[in-house]
Amino acid sequence: MKTENIVSQLGQKHPGEKEYLQAIQEVLESIEDIYNQNPQFQSAGIVERLVEPDRVLTFKVPWSDDEGHVHINLGYRIQFNNALGPYKGGLRFHPSVNLSILKFLGFEQIFKNALTTLPLGGAKGGSDFNPKGKSQQEIMRFCQSFMLELWKVIGPETDVPAGDIGVGGREIGYLYGMYKKLTHEHTGVLTGKGLNWGGSLIRPEATGYGVVYFTKEMLATRGETLENKIVAVSGFGNVAWGAVKKATELGAKVVTLSGPDGYIYDPAGVSGEKTDYMLELRASNEDIVEPYAHEFEGVEFIPGKHPWEVKADVALPCATQNELNAEDAGHLINNGCICVTEGANMPCTPEAVQLFHEHRILFSPGKASNAGGVATSGLEMSQNALKMNWTAREVDDRLHQIMGDIHHACVKYGKQPDGYVDYVKGANVASFLKVANAMLDLGVL
Ligand code: NDP
Ligand code: 2IT
């Protein structure tokens, strides 16, 4: 197998799908050696079968706004691979959503889910619907219309969607309500549910908490802790919120948050009521972070910029793909940053990642460090199957354990001869071996 050849063939077959090709390239580069040392993978066509999704569902989502005007959006579900368990992965509602973005996310999800140690396959879905400025009723009607198509292909043992950008507890509620109405079943078909109707404690916090637990493990390899560290965070959504909460609890000071409009610099640190305010900001559906600077004293708003220019020990990109480029990486490195942990999926460009590696910065790819979200979704599925609810402590302990196990797997497969841990390689090789060996056992399908 040669990465170059596979990526170029895929590029001809799927022209313009740049995020999908970027994600494939990153994984294949990491596993090329181990793949070629194991001829059984080649003879079973593992890579050729892995890079194409099992199936892609596209559908139209008609809905009416509050003035009675009809709108049509596109809906998708990409069922990528179910060698390890039912298809599993989030739904993203954002105007930038297209096939390439969802295929990259679905492909990444296969390996992320393998790392969680739980029996989960990989999938992703969503719509180019823009929640910005929409009323509660409009969001509800959209979610109901979306589910009118999606319900046919999902199920608690088949495919279990969850949230992602633009899809939180409220949207999961409307989606679940419609699924229940259509099927007459109250089952664990979605995760991220409300606590009163099958949800799990800690699921809202899980992705961000997991990012910080993973950061703690990485820092420990260099005898460091989060105590008194200055942390730069991007985004102000679900993942950013959990990361801010846990990092602050562990003694760090988070000095930035960002939105599509720019970033805020809060030298006193985002903590306490300011963290709660993040939820208000998100719920407002306005998509801007600037109001934070008006709400609290001593906060600066820097329009149109990324937060990576501030001096920080640790950077946690938690907004979206390709939001941290080589120039940003250069700023972080020059300012003495020692650790970059991806909270979002693929937020760092390949050029930025290369710089982090060259400068021996602790760097973790999203599929390892943000796996706590889907892992806790897996724990929600376990609780639904048991018809029981675990305490916050039980769920958090399991999450902690899983993040530690993922870190261990990355070190096992990513340690370089000079002792530096290449977490990208570690995460890709560990998860690929698990999925590829399962596919070998299951035959050519
Ligand atoms: P939210 O919708 O809660 O927040 C997303 C944040 O990213 C918002 O601040 C959003 O601002 C910003 N953002 C989204 N798209 C863009 C864009 N194109 N340009 C600039 N900013 C953007 O989503 P989450 O916090 O759930 O997701 C954040 C990241 O974490 C995503 O990459 C997601 O895939 C990943 N993730 C999420 C998990 C989860 O459990 N929720 C689990 C693992 C990973 P705005 O919407 O205003 O543009
Ligand atoms: O990217 C992700 O891992 C998520 N959005 C969470 C998926 C899930 O099924 O909980």
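Computed from a prediction, not measured in an experiment: that's the story for all the values here. Whatever order the structure lists them in is the order used to number ligands and atoms, beginning at 1.
- Side-chain contact of H186 with Y176: a donor-acceptor pair under 3.5 Å is present, judged by distance alone.
- With no hydrogens or angles considered, a side-chain donor-acceptor pair links K112 and N345 at under 3.5 Å.
- For the residues S377, P260, G259, the heavy atom positioned nearest atom 11 (O) of ligand 1 is part of P260.
- Counting non-hydrogen atoms of neighbouring residues, nucleotides and ligands closer than 6.0 angstrom, the CD atom of E249 exceeds 12 such neighbours.
- Taking a cut-off of under 4.0 Å to the non-hydrogen atoms of C318, the atoms of ligand 1 that pass are 28 (C), 29 (C).
- Residue E171 does not touch ligand 1, judged by heavy-atom distances below 4.0 Å.
- Using a 4.0 Å heavy-atom cutoff, M346 is absent from the residues neighbouring ligand 1.
- Counting heavy atoms under 4.0 Å from ligand 2, residue N345 touches it through the side chain alone.
- Checked by atom type, the side-chain pair Y413/D422 shows no donor-acceptor distance below 3.5 Å.
- A cation-pi geometry, defined here as NZ or CZ lying under 6.0 Å from the six-membered ring centre and within 45° of its normal, does not hold between R282 and W241.
- In terms of protein heavy atoms, atom 7 (C) of ligand 2 is closest to G90 N, 3.6 Å.
- Among the atoms of F236, some N or O lies under 3.5 angstrom from an N or O of ligand 1.
- Atom 22 (C) of ligand 1 has T320 CG2, 3.9 Å as its closest protein atom, hydrogens excluded (heavy atom only).
- For atom 10 (C) of ligand 1, the closest non-hydrogen atom of the protein is R282 NH2, 4.1 Å.
- When heavy-atom distances to ligand 2 are checked against a 4.0 Å cut-off, E380 has no atom that comes that close, whether in backbone or side chain.
- Partner of P53 under the side-chain contact (heavy atoms from CB on, under 4.5 Å) criterion, chosen from L57, V51, V56: V56.
- Residue contacts with ligand 2 include Q109, since one of its heavy atoms falls under 4.0 Å from the ligand.
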F363 and C339: CA distance, side-chain angles, deciding distance, side-chain contact (heavy atoms from CB on, under 4.5 Å) verdict: CA-CA 6 Å; F363 171 76; C339 177; over 6 Å; no
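- With hydrogens and angles left out, the side-chain atoms of E342 and S369 include no donor and acceptor closer than 3.5 Å.
- For the pair G373 and ligand 1, the shortest N or O to N or O distance does not fall below 3.5 Å.
- In this structure, S96 falls outside the shell of residues with a heavy atom less than 4.0 angstrom from ligand 1.
- Inspection of the T215 and T341 side chains reveals an N or O donor paired with an N or O acceptor under 3.5 Å.
- With respect to atom 39 (C) of ligand 1, the closest heavy atom belonging to the protein is T207 OG1, 3.5 Å.
- Every N/O-N/O distance between K124 and ligand 1 stays at or above 3.5 Å.
- Assignment of E323 to the shell around ligand 1 is not supported, since no heavy atom sits closer than 4.0 Å.
- Among protein heavy atoms, atom 6 (C) of ligand 2 sits closest to R203 NH2, 3.6 Å.
- Contacts between V239 and ligand 1, counted as non-hydrogen atom pairs separated by less than 4.0 Å, involve both the backbone and the side chain.
- Considering backbone and side-chain N/O of G163, one or more are found under 3.5 Å from N/O of ligand 2.
- There is a side-chain donor-acceptor pair under 3.5 Å between Y263 and E309.
- Relative to the ring axis of F80, K88 does not place its NZ or CZ within 45° and under 6.0 Å from the centre.
- The A162 neighbourhood of ligand 2 comprises atoms 8 (C), 9 (O), 10 (O), with distances under 4.0 Å to a heavy atom of that residue.
- Contacts between R92 and ligand 1 below 4.0 angstrom, taking non-hydrogen atoms only, involve the side chain exclusively.
- For K112, the heavy-atom gap to ligand 1 drops under 4.0 angstrom.
- Ring planes of F214 and H407: perpendicular class, angle over 60° (limits at 30 and 60°).
- Under a cut-off of 6.0 angstrom, the local environment of CD in E157 is sparse, with at most 12 non-hydrogen atoms contributed by other residues, nucleotides or ligands.
- Of the N or O atoms in N370, none lie within a sub-3.5 Å distance of an N or O in ligand 1.
- A side-chain N or O of Q22 and one of N322 form a donor-acceptor pair less than 3.5 Å apart.
- Regarding atom 29 (C) of ligand 1, its nearest protein heavy-atom neighbour is A319 O, 3.3 Å.
- Using a 3.5 Å distance cut-off with no hydrogens or angles, the side chains of D405 and Q401 do pair a donor with an acceptor.
- At least one heavy atom of G343 sits under 4.0 Å from some atom of ligand 1.
- Each of the atoms 8 (C), 9 (O) of ligand 2 lies under 4.0 Å from some heavy atom of K88.
- Note that the CD1 atom of I24 and the CD atom of E52 stand 8.0 Å from one another [nearest 0.5 Å].
- In summary, the atoms of ligand 1 found under 4.0 Å from a heavy atom of G235, numbered by their order in the structure, are 9 (O).
- With respect to atom 4 (O) of ligand 1, the closest heavy atom belonging to the protein is G237 CA, 3.3 Å.
- Atoms of ligand 2 found under 4.0 Å from any heavy atom of K124 (numbered from 1 in listed order, with element): 1 (O), 2 (C), 4 (C), 5 (N).
- A donor-acceptor pair shorter than 3.5 Å can be found between the side chains of Y292 and D266.
- Per-residue contacts place S377 under 4.0 angstrom from the following atoms of ligand 2 (heavy atoms of the residue considered): 8 (C), 9 (O), 10 (O).
- The closest side-chain donor-acceptor pair between R92 and Y76, if any, does not fall under 3.5 angstrom.
- Taking atom 46 (O) of ligand 1 as the reference point, the nearest protein heavy-atom neighbour is D287 OD1, 3.0 Å.
- Among the atoms of N238, some N or O lies under 3.5 angstrom from an N or O of ligand 1.
- The nearest heavy-atom contact from the protein to atom 27 (O) of ligand 1 is I165 CG1, 3.6 Å.
- Q25 and Y20 share no side-chain donor-acceptor pair at under 3.5 Å.
- Side chains of D396 and Y213: a donor on one and an acceptor on the other come within 3.5 Å.
- Residue, atom and distance of the protein heavy atom nearest to atom 33 (C) of ligand 1 are D164 OD1, 3.2 Å.
- The shortest N or O to N or O distance between K112 and ligand 2 is below 3.5 Å.
- Those atoms of ligand 1 with a heavy atom of G166 less than 4.0 angstrom away are 2 (O).
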